[in-house]
Amino acid sequence: SISALRRKNYPGIELPDHILPGICSVGYWDAKKDQTWGLDWHRNEGIELTFLESGSLYFSTQKEKFNLTPGNFTTTKPWQLHKVGNPNVTRGKLYWFILDVGVRQPHQTWNWPEWIILSNEDLTYLTQILRQNEGQIWKSDKKLQGCFRELGYFLDKSSSASIPHSKLTILINELLLEIMFQFKSRGVELDERLTMNLRTVEIFLDHLKIDYEKYWSLDDMSEYCGLGKTSLTKYSKQITNMTPMDYLIDIRLRAAAKFLRERKPLNIKELCYDCGFSTSQYFSTIFKKRYKCTPSDYAMQFQKT
């Protein structure tokens, strides 16, 4: 079963615009048996906090795989690709809260909604902690667990006709305050480099490895990163010694070569489109320049072996 309040395409009862703007989703699921669904690779529009009360749950990032156990809570930023399940969800009870703080990239300044009533000092500290470390899995204490459970009780009593938003405001502020206390008590190590423009470009270039078939112009890349084209190009050269467009072409060529090595004979025209190239003639020209043979001849070498 799922109990939730939501905006956009999340599940649950829809929140009116005037009630706590910025909340994308808050809720829990209580799976009494293993499920046949999971959440594939995705990013959220805001900062996501989750808490596993019971059962176990696979949680994956691009770098690591975790098996969450009761008492674990997670923090996931809008730019962090992650998935839940392996591929399906096992029995257990998970709470979540997703809040849009107006950013999509690491270098951007966070803007908390006005109804967050933490002091400026506390909110500055919490923001710094969430921005300047990449830890995602944490152990909760009883106070933090109680905050998530209170949210669950609140959701059970809410309906589309009645959402006591004063109470919800208090519960979410208490939750954020307890998370701040958790971090303070642990002396979390901070790294200011994680909030720099260079980090944004690193993440974007990594993203291109799984989104290379999409049409990308330099303007599209710049808009995605929230950076000017000159800055994007500068940091791309610093990281890869290539412009963003040259790096994208390199990824596409590698992907095409991998397809040709590992799969049965393919239609070259279809392959070029699958790898993001606009014309088969351009694809064949730059492929031959890189690999010293046509795509068809390249594939033939591996079919023979």
Side-chain angles (χ1 to χ4, degrees), residues 36-43 58-67 76-77 79-89 104-106 134 136 198-225 227 229 232-305:
T36 57
W37 56 271
L39 300 176
D40 205 356
W41 293 108
H42 65 285
R43 295 179 177 87
Y58 282 101
F59 177 84
S60 306
T61 67
Q62 285 180 287
K63 294 182 178 179
E64 295 182 81
K65 297 179 180 179
F66 306 92
N67 185 23
T76 310
K77 288 81 166 179
W79 51 87
Q80 291 179 316
L81 196 63
H82 60 288
K83 72 174 182 176
V84 179
N86 189 32
N88 300 326
V89 170
R104 296 295 180 269
Q105 303 297 346
E134 290 194 322
Q136 291 189 270
L198 182 67
R199 181 60 179 150
T200 291
V201 178
E202 284 177 343
I203 292 171
F204 171 69
L205 295 176
D206 200 42
H207 171 71
L208 283 181
K209 295 174 184 176
I210 60 170
D211 204 15
Y212 57 82
E213 74 283 357
K214 174 182 171 181
Y215 172 78
W216 287 100
S217 66
L218 188 58
D219 285 333
D220 295 329
M221 295 177 172
S222 176
E223 182 178 355
Y224 184 94
C225 293
L227 293 169
K229 290 182 286 188
L232 172 60
T233 301
K234 179 183 76 172
Y235 292 119
S236 177
K237 286 182 176 179
Q238 185 175 337
I239 297 165
T240 68
N241 202 31
M242 287 184 274
T243 68
M245 296 305 298
D246 286 343
Y247 184 71
L248 175 60
I249 291 171
D250 181 72
I251 291 172
R252 288 171 171 172
L253 285 172
R254 290 174 185 270
K258 188 172 186 290
F259 276 118
L260 292 168
R261 288 195 304 269
E262 297 181 356
R263 299 195 178 186
K264 293 180 180 180
L266 296 172
N267 182 299
I268 298 302
K269 181 173 281 191
E270 290 180 4
L271 174 62
C272 97
Y273 295 139
D274 287 345
C275 291
F277 294 102
S278 56
T279 68
S280 56
Q281 182 178 2
Y282 174 66
F283 166 60
S284 296
T285 299
I286 63 171
F287 189 95
K288 187 173 183 179
K289 185 176 181 181
R290 164 71 68 87
Y291 294 102
K292 311 306 178 187
C293 64
T294 67
S296 297
D297 290 342
Y298 186 88
M300 193 73 70
Q301 297 173 31
F302 293 93
Q303 289 165 27
K304 290 179 179 179
T305 59

Kindly indicate whether the side chain of [X], heavy atoms from C-beta on, has any atom under 4.5 Å from the side chain of [Y].
X      : Y      : answer
Leu248 : Met221 : yes
Arg290 : Asp250 : yes
Gln301 : Cys293 : yes
Leu205 : Ile251 : no
Ile249 : Tyr282 : yes
Ile239 : Tyr247 : no
Pro244 : Thr233 : yes
Leu260 : Phe287 : yes

Derivation and outcome, side-chain contact (heavy atoms from CB on, under 4.5 Å), residues Thr200 and Tyr224 | CA-CA 10 Å; Thr200 291; Tyr224 184 94; over 6 Å; no
Any idea which heavy atoms bring [X] and [Y] closest together, and the distance?
X      : Y      : answer
Val89  : Gly38  : CG2-CA, 3.9 Å
Trp41  : Ser60  : CZ3-O, 3.7 Å
Ile286 : Phe277 : CD1-CE2, 3.3 Å
Ile210 : Gln62  : CD1-NE2, 4.4 Å
Tyr273 : Ser278 : CE2-O, 3.1 Å

Begin with the C-alpha distance, continue with both residues' side-chain angles, and end with the deciding distance and a verdict on side-chain contact (heavy atoms from CB on, under 4.5 Å) for Phe283 and Leu271.
-> CA-CA 9 Å; Phe283 166 60; Leu271 174 62; 4.2 Å; yes
So, does [X] use its side chain to make a donor-acceptor pair with the main chain of [Y] at under 3.5 Å?
X      : Y      : result
Asp220 : Ser217 : yes
Thr240 : Ser236 : yes
His82  : Arg43  : no

Say whether Ser222 and Asp219, considering side chains only, have a donor N or O and an acceptor N or O under 3.5 Å apart.
-> no
Can you tell which of Asp246, Thr243, Val201 makes a side-chain contact (heavy atoms from CB on, under 4.5 Å) with Lys237?
-> Thr243
Might you work through the side-chain contact (heavy atoms from CB on, under 4.5 Å) test for Arg199 and Glu134, ending with a clear yes or no?
-> CA-CA 12 Å; Arg199 181 60 179 150; Glu134 290 194 322; 2.5 Å; yes
Report, as yes or no, whether the 6.0 Å neighbourhood of atom [atom1] on [X] holds more than 12 heavy atoms from other residues, nucleotides or ligands.
X      : atom1 : answer
Tyr58  : OH    : no
Lys83  : NZ    : yes
Glu223 : CD    : no

The residue among Lys214, His207, Lys209 that forms side-chain hydrogen bond (donor to acceptor under 3.5 Å, both in side chains) with Asp211 is His207
Could you walk me through whether Arg261 and Tyr298 pass the side-chain contact (heavy atoms from CB on, under 4.5 Å) check?
-> CA-CA 8 Å; Arg261 288 195 304 269; Tyr298 186 88; 3.0 Å; yes
